[in-house]
Every structure is written in C-alpha cells, then in structure tokens.
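The block underneath contains the structure these notes are about, expressed in structure tokens.
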Amino acid sequence: MENKRILLASPHMSDKGFEQEFVKEAFDTNWIAPLGANVNGFEQELADYVHTGYAAALVSGTSAIHMALNAAGVGSGDIVICQSLTFSATANPIIYQGAIPVFVDSDFDTWNMNPSELRKALEKYPNAKAVIVVHLYGLSAELDGILAICQEFGVTLIEDAAESLGTTYKDQYTGTFGKYGIYSFNGNKIITTSGGGMLVSEDVERIQKVRFWSTQARDKVRHYQHSEIGYNYRMSNIVAGIGRGQLKVLDDRIAKKRYIHDFYKQKLKEVTQIHHMPENEHSHPNFWLSAITLDGIAPNYLMDELEKENIESRPIWKPMHLQPVFEKYDFIGSNVGQMLFETGVCLPSDTKMTDEDLERVVTTIKRAISNV
Ligand SMILES: *Cc1c(COP(=O)(O)O)cnc(C)c1O
C-alpha cells in the first residue's frame, strides 16, 4: 500500500526483544509490583548512561517535574521562572505546588530559554525559588549562560529534558547540569516505557526523599504513620523492565533520528522557504523531532497537504504565556516563542520510517510549496 500512515513518532521496541526479557524476568520472579530489580536496575543504568549520581523512577515526566519542585522546596506563593515555549506539562506542576509561574521567552539560536530574558526575570523576581529550562525537540538550551545566572541569583535550576535524553551540551548530557533533571518515557518520546519518567540528581539525600514521597510517604514504623504528604508516583517493576530494554537501543534511536534530520536537511536544501532547527557547534542534539520554520507559507497549509497524503505532522508548541489557562501570569520577553509557534512545523520523525517513507514526505512538501 503506497499510502500507509507515516507517524510523527511512535513506540519502537528493540528487534532483539530486550524489553520482553526484562518483563518476563519480572513475571518469573513475581516482581510485578511494587518495586524490584527492574526499578533499581533502570535507575542505575539511566544514571550511568547520563553520567550522574542518582535517579528516581516515576510514573511520568510530569510527576518527575512535580517531585523536582517539591525537592527544591517550592511551595505556596513561591515564584518559579519557566520557559514559555514548551508543552504544558512543564508548567502544570508549578500550579500543583500552589506556586506562581513567570514565563520567559526563547531565542532563535537555541529555541530555548533566552539567558538575557532570564536575567531580566530574576532582576524583577530576585526571590524566585526555581528556574525550569527545557531542551525542546532535543536541542540544548544555552546552559553555560543559564547556569551562571542561576548561580548568581542563588536559584535552583531544574532541567526539563523530557525531549532530550541523549543530547549533549559541551560533551555533558542534558538533564545533568541543573540541581535536578527530568526525563520522560511517554509513548512518543525517543525511548518509551509506555509511560514513565525519571528524576536525576547528584544529591542522594534528595533522591531518597523523592522515592519516599512518591511511595505515599510512609514513616519507618510498623503502623501507617505519615509526617509528610505523600504521592503515588513510583514506576512499576514491569514498566521499568521495558525501560531497561529500551535503554539498550537508545544510541540506535539517536543515530536514526539524526539520519532523519540530515535527510530532510539535504533533500530540502534548495527550498528557500524552509529553515531547519538551529544547530550549535558545542551541542549534539538527539533530534527527537525534526522541526522546520516556514517563510511566507502557513504551517496549517503544509500540515493539511501532508495530512492528505496520510502523513502526520504537528505545530510547534504554543507558548504558555499565550495559553488561556496561563495568560494571567507575567511574561518576560518579546515574540520569539510566538513567531516559532506561528511559523513552525514538526515533521515525521518516526524511527521506523524507511527511506521510501522519507522520500514521500519530502516529495509532498516540495509539491505543496511549489503549488503556493
Ligand atoms: C513529554 C513532555 C513532558 C511530560 O512528560 P510525561 O511523561 O508525558 O508526563 C514534559 N515536558 C516536555 C517538554 C515534554 O515534551
């Protein structure tokens, strides 16, 4: 069938069945729940992969951001500075904590938080408790600048690396620069456990605390006693087994994502209306999604033309300060995030795509643009 559906990004299990081996082991030992060898193994292996100290496996990237805020001591009425151009899951946990988000614009060089806008935000809100920076689509934020400013103002940095597992900035993995980093294993991410997340940190005491909170905060006595508010956020041993298998193919997935990005860049290079994601010398993105911006062509037009050929594509995230639910909060910046949203399209980046599939996407894009 020529017109099979081409997806943006879908789960891609190893062809060697690694995931099933770990899950089978959990069945065989009846370690179905609650914790067990796969959870411990997945935490250790993920921490080793990104060269950090400690990890806590949780039910989602969102819960990991929530626990990072809790660990950073963010509470009711505190200010949290947050990148505006992102998925809502970055910002929602700020509200869960009763804290107040202040949104900061991106820059065109990285598509992520603009360090000079961050400085303005911290000058306006010097008591801010935390900063959440995001590495969108696997592109790294300008971490040197952001870290220096956070240090200067004595504010805790949290990295939302949900989309950037495997991305490096100056040879260090994103997610390991801030006091806390989080990853997501949701179905469309570069590796998936069907759903899941991880919080990483060099601070073993804070990671142990997160494991405690996320298993209902039971005090260490025989009866049910609670001195703190708990959460039911711990990853199951089955899910962690899928993660351990997926981690073995992460490098293959990154290689394929890069191949997809290079393919688009090469094959669309003569299309002057298309600009590709920014690349920086010192960063190696995982290219989770290949995104483009368009000059003088409406993203909706291109997405409709792709859809007619049964090809999935998506707009770039709509900034948080433009969302009805967040528009009452302060925003520091100009219109960079808004322009990326208004001109951007995420192209199919599914690692199961063949060259023929990629060729079909490219042909459709070229035809659509030449017909304008
Ligand atoms: C996917 C994603 C999240 C949320 O992760 P879940 O595992 O789906 O809860 C948070 N932030 C960003 C930037 C994401 O892309």
Side-chain angles (χ1 to χ4, degrees), residues 46-47 49-55 61 64-65 68-69 71-72 80-87 90-91 102-123 128-184 189-190 198-203 206 250 254 257-258 277-289 291 317 319-320 332-333 336-337 340:
L46 190 285
Y49 184 94
V50 298
H51 305 297
T52 193
Y54 307 95
I65 296 170
L69 291 169
V80 175
I81 313 277
C82 181
Q83 182 166 322
S84 183
L85 184 68
T86 186
F87 179 46
T90 309
V102 169
F103 294 109
V104 168
D105 208 356
S106 288
D107 57 42
F108 287 117
D109 293 339
T110 65
W111 288 13
N112 292 304
M113 188 180 275
N114 180 331
S116 39
E117 302 292 5
L118 171 62
R119 172 175 292 284
K120 282 187 218 157
L122 283 167
E123 279 165 357
K129 262 275 172 63
V131 170
I132 308 179
V133 66
V134 190
H135 307 294
L136 286 182
Y137 305 123
L139 302 172
S140 167
E142 189 43 60
L143 282 161
D144 276 351
I146 286 165
L147 264 175
I149 295 164
C150 288
Q151 267 152 17
E152 185 186 328
F153 285 85
V155 59
T156 302
L157 180 63
I158 298 169
E159 288 177 82
D160 179 347
E163 302 178 4
S164 72
L165 178 59
T167 293
T168 58
Y169 173 87
K170 298 190 176 170
D171 296 326
Q172 185 180 334
Y173 284 101
T174 53
T176 67
F177 287 82
K179 168 90 187 179
Y180 303 102
I182 77 95
Y183 302 104
S184 165
K189 296 291 164 34
I190 192 155
M198 195 78 84
L199 175 68
V200 297
S201 178
E202 292 288 357
D203 187 335
R206 293 281 86 188
L250 174 56
I254 294 171
K257 294 279 192 188
R258 170 176 289 281
M277 301 194 290
E279 278 182 71
N280 300 297
E281 241 169 68
H282 47 263
S283 171
H284 290 283
N286 70 4
F287 294 106
W288 172 55
L289 293 185
W317 302 120
M320 292 303 110
I332 311 290
V336 176
L340 290 169

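Nothing fancy with the numbering, it's 1 onward along the sequence.
Atom OH of Y49 sits about 4.0 Å away from atom CG of L250, to the nearest 0.5 Å. Expressed to the nearest 0.5 Å, how far CG of L136 lies from CZ of F87 amounts to 12.0 Å. Here OH of Y173 is found 8.5 Å from CG of L165. Values are rounded to the nearest 0.5 Å. With values rounded to the nearest 0.5 angstrom, R206 atom CZ is found 9.5 Å from S201 atom OG. With rounding to the nearest 0.5 Å, the separation of CD in E279 from CG in D109 is 13.0 Å. In this structure, the separation between CG on L46 and OH on Y54 is 15.0 Å, given to the nearest 0.5 Å.
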Steps toward side chain to side chain contact (heavy atoms under 4.5 Å, CB included) verdict (E159, L143): CA-CA 10 Å; E159 288 177 82; L143 282 161; 4.0 Å; yes
M113 and V104: CA distance, side-chain angles, deciding distance, side chain to side chain contact (heavy atoms under 4.5 Å, CB included) verdict: CA-CA 7 Å; M113 188 180 275; V104 168; 3.7 Å; yes
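A 4.5 Å side-chain heavy-atom check between N112 and E142 finds every atom pair outside the cut-off. When side chains are defined from C-beta on, H135 does not count as touching T167, because their heavy atoms never get closer than 4.5 Å. At least one side-chain heavy atom of M277 sits less than 4.5 Å from a side-chain heavy atom of L139. Counting heavy atoms from C-beta outward, N114 and V336 have side chains that stay 4.5 Å or more apart. At a threshold of 4.5 Å between non-hydrogen side-chain atoms, the residues F108 and L340 count as touching. Annotation: side chain of S84 is not in contact with side chain of D105 (no heavy-atom distance under 4.5 Å). In this structure the side chain of T90 never reaches within 4.5 angstrom of the side chain of Q83, judged on heavy atoms. With a 4.5 Å cut-off on side-chain heavy atoms, T52 and E202 count as touching.
Residues P115 and D107 come closest through the heavy atom pair CD-OD2, 3.6 Å. Closest approach of W317 to L85, counting heavy atoms only: O-CD1, 3.1 Å. In this structure, A128 and V155 approach most closely via the heavy-atom pair O-CG2, 3.4 Å. Annotation for V200 and G175: closest pair CG2-O, 3.4 Å, computed over non-hydrogen atoms. Of all the heavy atoms in L199 and A64, the pair that sits closest is CD1-O, 3.9 Å. The shortest heavy-atom contact between G53 and A47 is O-CB, 4.0 Å.
Salt bridge E117/K120: present, at least one basic N to carboxylate O contact under 4.0 Å.
Just one residue in the list V133, I132, V134 forms a side-chain contact (heavy atoms from CB on, under 4.5 Å) with T86, and that residue is V134.
Aromatic ring orientation, Y169 versus F177: perpendicular (interplanar angle above 60°, classes split at 30° and 60°).
Proximity of a side-chain donor or acceptor of S106 to a complementary backbone N or O of W111 within less than 3.5 Å is detected. A donor-acceptor pair is defined here as one N or O able to donate and one able to accept, closer than 3.5 Å; no such pair exists between the side chain of K170 and the backbone of H282.
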